[in-house]
Asks: 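Okay, here's the structure, questions in a sec.
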Amino acid sequence: MENATFSPVSRVAICGGTHGNEMTGMYVVREMQRQEADQTGSVSITTVISNPRAVEVCRRYTETDLNRCFTKALLSSPITDSTPYEVRRAQKINALLGPKESQEAVDLLCDLHNTTANMGMCLIFYSLDWFTLHIYKYIQSNMTSAPVRAMLMSSPKSEAYSLESVGKHGFSIEVGPQPNGVLRADIFNMAKEAVDHTIEWLHKFNSGSTFEGGEVEAYTVVKSVDYPRDPTTNEMTATIHPELQDNDFKLLQPGDPMFLSFSGETVKYEGEDLHPLFINECAYYEKKIAFHLAKKITVTLPSISVKKD
């Protein structure tokens, strides 16, 4: 593959507290603000507590999920008395860091999240962006505290609903397991290390380093699976089987235990071999998702370097 070139990166946003009970990103951002890390070498950094009202009450959101409010339709919707706080907040963030899909948007946006699932360090991307996938490759090569994986969504950027889609380039970091409303030192350090490696990579990129191509693995979501439910009441009748619990990314094959009913019966998996992600994620109960199922793919990256004037 031919070498790909990108413009130098000057404006970067690091966001936390998009979900107000996911503590790591909030404290990484606050620590960066405390250290006044708004300019490091060639990179200007904007740090944002995305949902301060939800952070204050330590809830995922106050009226609606902020991380579902960054579609072009919601960002351009008129503000009325009934507009949820999070939609108003999304429009303010878009004005600060965007506008989305414009030349004025920040060059890179990294949004920090926690998950209650055993996902380790997972970077989430909306597209095959060579620029951000090289950052993933760099983090993966340099982090030793946890496995680093990538989850690839397939929505076009205009339809992408989460905060990182506001930047010209963007990704979110999901790190866990960590309970909501709790801060763990190991999880905090993993997220901070990933942010530090990202900034380190940007400096090297801006200074003219060429990053060699190669292969990386990523997981593409195929479908979501709900918990078994009573057909009359729609109440759950089972939960994640102990043999599946905490086995995110492990291949799920036909016949493997999937759910354990409250009456003690095992529900086995039927279908093609796929990898479960976000198993038993707390925030997905309201979305009726027990876990996602994904295919593992191999992506070949070109070498990349900064575009010369």
Asks: Can Glu281 and Thr115 be said to form a side chain to side chain donor-acceptor pair (under 3.5 Å), step by step?
Replies: CA-CA 7 Å; Glu281 161 59 44; Thr115 173; 2.4 Å; yes
Asks: Nearest heavy-atom pair of Val166 and Leu109: which atoms, and what distance?
Replies: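 Result for this residue pair: CB-CD1, 4.1 Å.
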Asks: Tell me if a side-chain donor or acceptor on Asn94 pairs with a main-chain N or O of Lys100 at a distance below 3.5 Å.
Replies: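 Yes.
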Asks: For the residue pair Tyr126 / Ser162, report whether a side-chain donor-acceptor contact shorter than 3.5 Å exists.
Replies: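 There is such a pair between these side chains.
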Asks: Any side-chain to backbone donor/acceptor pair from Lys168 onto Gln103? Under 3.5 Å, distance only.
Replies: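 Yes: the side chain of Lys168 pairs with the backbone of Gln103.
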Asks: Counting heavy atoms not belonging to Glu286, are there more than 12 under 6.0 Å from its CD?
Replies: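 Yes, enclosed.
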Asks: For the pair Gln140 (side chain) and Val148 (backbone), establish whether a donor and an acceptor sit closer than 3.5 Å, ignoring hydrogens and angles.
Replies: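 Between the backbone of Val148 and the side chain of Gln140 there is a qualifying donor-acceptor contact (under 3.5 Å).
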Asks: Hey, are Asp65 and Lys287 close enough for a salt bridge, meaning a charged N less than 4.0 Å from a carboxylate O?
Replies: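 Looking at Lys287 together with Asp65, the answer is yes, because their closest N to O distance falls below 4.0 Å.
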Asks: Determine the minimum heavy-atom distance between Asn247 and Glu243, stating which atoms define it.
Replies: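 Distance-wise, the nearest heavy atoms are ND2-O, 2.8 Å.
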Asks: Donor-acceptor pair, distance only, cut-off 3.5 Å: does the side chain of Lys295 make one with the backbone of Tyr219?
Replies: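 Checked: no pair found.
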Asks: Is a side-chain donor or acceptor of Arg88 paired with a backbone partner of Thr80 at a separation under 3.5 angstrom?
Replies: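 Confirmed, Arg88 side chain pairs with Thr80 backbone.
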Asks: Consider side-chain hydrogen bond (donor to acceptor under 3.5 Å, both in side chains). Of Glu174, Glu22, Gln178, His19, which one does Asn114 pass it with?
Replies: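 It is Gln178; the other options fail the test.
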Asks: Is the distance between the ring centroids of Tyr227 and Tyr285 under 6.0 Å?
Replies: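 Yes, ring centres under 6.0 Å apart.
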Asks: Of the non-hydrogen atoms in Cys122 and Met151, which two are nearest, and what is the gap between them?
Replies: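 So the minimum-distance heavy-atom pair works out to SG-CB, 3.9 Å.
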Asks: Are Phe205 and Val195 connected into the same hydrophobic cluster when the rule is that any two of I, L, V, M, F, W, Y join if their side-chain heavy atoms are below 4.5 Å apart?
Replies: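 Yes, Val195 and Phe205 fall within the same hydrophobic cluster.
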Asks: Report the distance from atom NE2 of His197 to atom CG of Asn142, rounding to the nearest 0.5 Å.
Replies: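 The NE2 atom of His197 sits 5.0 Å away from the CG atom of Asn142.
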Asks: Grab the two heavy atoms, one from Ala4 and one from Trp130, that are nearest each other, plus how far apart they are.
Replies: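 So the minimum-distance heavy-atom pair works out to CB-CD1, 4.4 Å.
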Asks: Any chain of hydrophobic side-chain contacts (each under 4.5 Å) joining Ile135 to Ile199?
Replies: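 Result: yes, single cluster for both.
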Asks: So, the side chain of Asn21 versus the backbone of Asn180: is there a donor-acceptor pair under 3.5 Å, distance only?
Replies: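 Here the side-chain-to-backbone pair does not exist.
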Asks: Decide yes or no for Arg229 and Glu235: does some side-chain heavy atom of the first lie under 4.5 Å from some side-chain heavy atom of the second?
Replies: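 When only atoms from C-beta onward are counted, Glu235 and Arg229 do not touch, as no gap falls below 4.5 Å.
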Asks: With no hydrogens and no angle check, do the side chains of His113 and Ser172 hold a donor and an acceptor under 3.5 Å apart?
Replies: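 The answer is no; no qualifying pair exists.
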Asks: Okay, side chain of Glu104, backbone of Gly98: is any donor-acceptor separation there less than 3.5 Å?
Replies: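 No, because the side chain of Glu104 does not come within donor-acceptor range (under 3.5 Å) of the backbone of Gly98.
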Asks: With a 6.0 Å cut-off (strictly less than), is the heavy-atom count around CD of Gln253, excluding the residue itself, greater than 12?
Replies: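 Yes, because the 6.0 Å sphere around CD of Gln253 holds more than 12 heavy atoms from other groups.
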Asks: Have His241 and Gln245 got a donor and an acceptor in their side chains that come within less than 3.5 Å?
Replies: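 Gln245 and His241 do not have a side-chain donor-acceptor pair below 3.5 Å.
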Asks: Would you compute the distance between atom OG1 of Thr18 and atom CD1 of Ile49 and round it to the nearest 0.5 angstrom?
Replies: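 So the OG1 of Thr18 and the CD1 of Ile49 are separated by 9.0 Å.
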Asks: Can a donor-acceptor pair be found between the side chains of Asp186 and Ser145 at a distance below 3.5 Å?
Replies: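 Checked: Asp186/Ser145 side chains show no N/O donor-acceptor pair below 3.5 Å.
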Asks: Could you pull out the closest heavy-atom pair between Lys204 and Tyr138, with the gap in Å?
Replies: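 For Lys204 and Tyr138, the tightest heavy-atom pair comes out as NZ-OH, 2.9 Å.
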Asks: At their closest point, which heavy atom of Arg89 faces which heavy atom of Pro52, and how far apart are they?
Replies: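 Taking Arg89 first and Pro52 second, the nearest heavy atoms are NE-CD, 3.6 Å.
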Asks: Less than 4.0 angstrom from a charged side-chain N to a carboxylate O is my criterion; do Glu101 and Lys72 meet it?
Replies: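 Yes, this pair counts.
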Asks: Taking Thr116 for its side chain and Cys282 for its backbone only, find out whether a donor-acceptor pair lies under 3.5 Å.
Replies: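 Checking the backbone N and O of Cys282 against the side chain of Thr116, a donor-acceptor pair under 3.5 Å is found.
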Asks: Centre-to-centre under 6.0 Å for Phe6 and Phe131, is that the case here?
Replies: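 Ring centres of Phe131 and Phe6 closer than 6.0 Å.
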Asks: Is there a side-chain contact (heavy atoms from CB on, under 4.5 Å) between Cys15 and Val29 once you walk through the steps?
Replies: CA-CA 7 Å; Cys15 301; Val29 165; 5.7 Å; no
Asks: Take Val267 and Leu260 through the test side-chain contact (heavy atoms from CB on, under 4.5 Å) and record every step on the way to the result.
Replies: CA-CA 6 Å; Val267 178; Leu260 184 64; over 6 Å; no
Asks: Kindly indicate, with the supporting measurements, whether the criterion side chain to side chain donor-acceptor pair (under 3.5 Å) is fulfilled by Thr132 and His169.
Replies: CA-CA 7 Å; Thr132 49; His169 304 282; 5.6 Å; no
Asks: For residues Val9 and Val48: do they belong to one hydrophobic cluster (side chain heavy atoms under 4.5 Å, members Ile, Leu, Val, Met, Phe, Trp, Tyr)?
Replies: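 No; Val48 is not reachable from Val9 via cluster members.
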Asks: Is the distance between the ring centroids of Phe171 and Tyr136 under 6.0 Å?
Replies: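 No, they do not, as the ring centres are separated by 6.0 Å or more.
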Asks: As a quick check of understanding, evaluate side-chain contact (heavy atoms from CB on, under 4.5 Å) for Thr198 and Leu108, giving each step before the final call.
Replies: CA-CA 10 Å; Thr198 297; Leu108 176 68; 3.9 Å; yes
Asks: Looking at Tyr27, does the NZ or CZ of Arg30 lie under 6.0 angstrom from its six-membered ring centre and within 45 degrees of the ring axis?
Replies: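 Pair Arg30/Tyr27 counts as cation-pi.
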Asks: Are Asn3 and Ser303 linked by a side-chain donor-acceptor pair shorter than 3.5 Å?
Replies: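 Result is yes, a qualifying pair exists.
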Asks: With distance as the sole test, does Asp107 use its side chain to make a donor-acceptor pair with the main-chain N or O of Val12 at under 3.5 Å?
Replies: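 Absent.
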Asks: Just by distance, do the side chain of Asp256 and the backbone of Leu252 share a donor-acceptor pair under 3.5 Å?
Replies: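 Answer holds: no.
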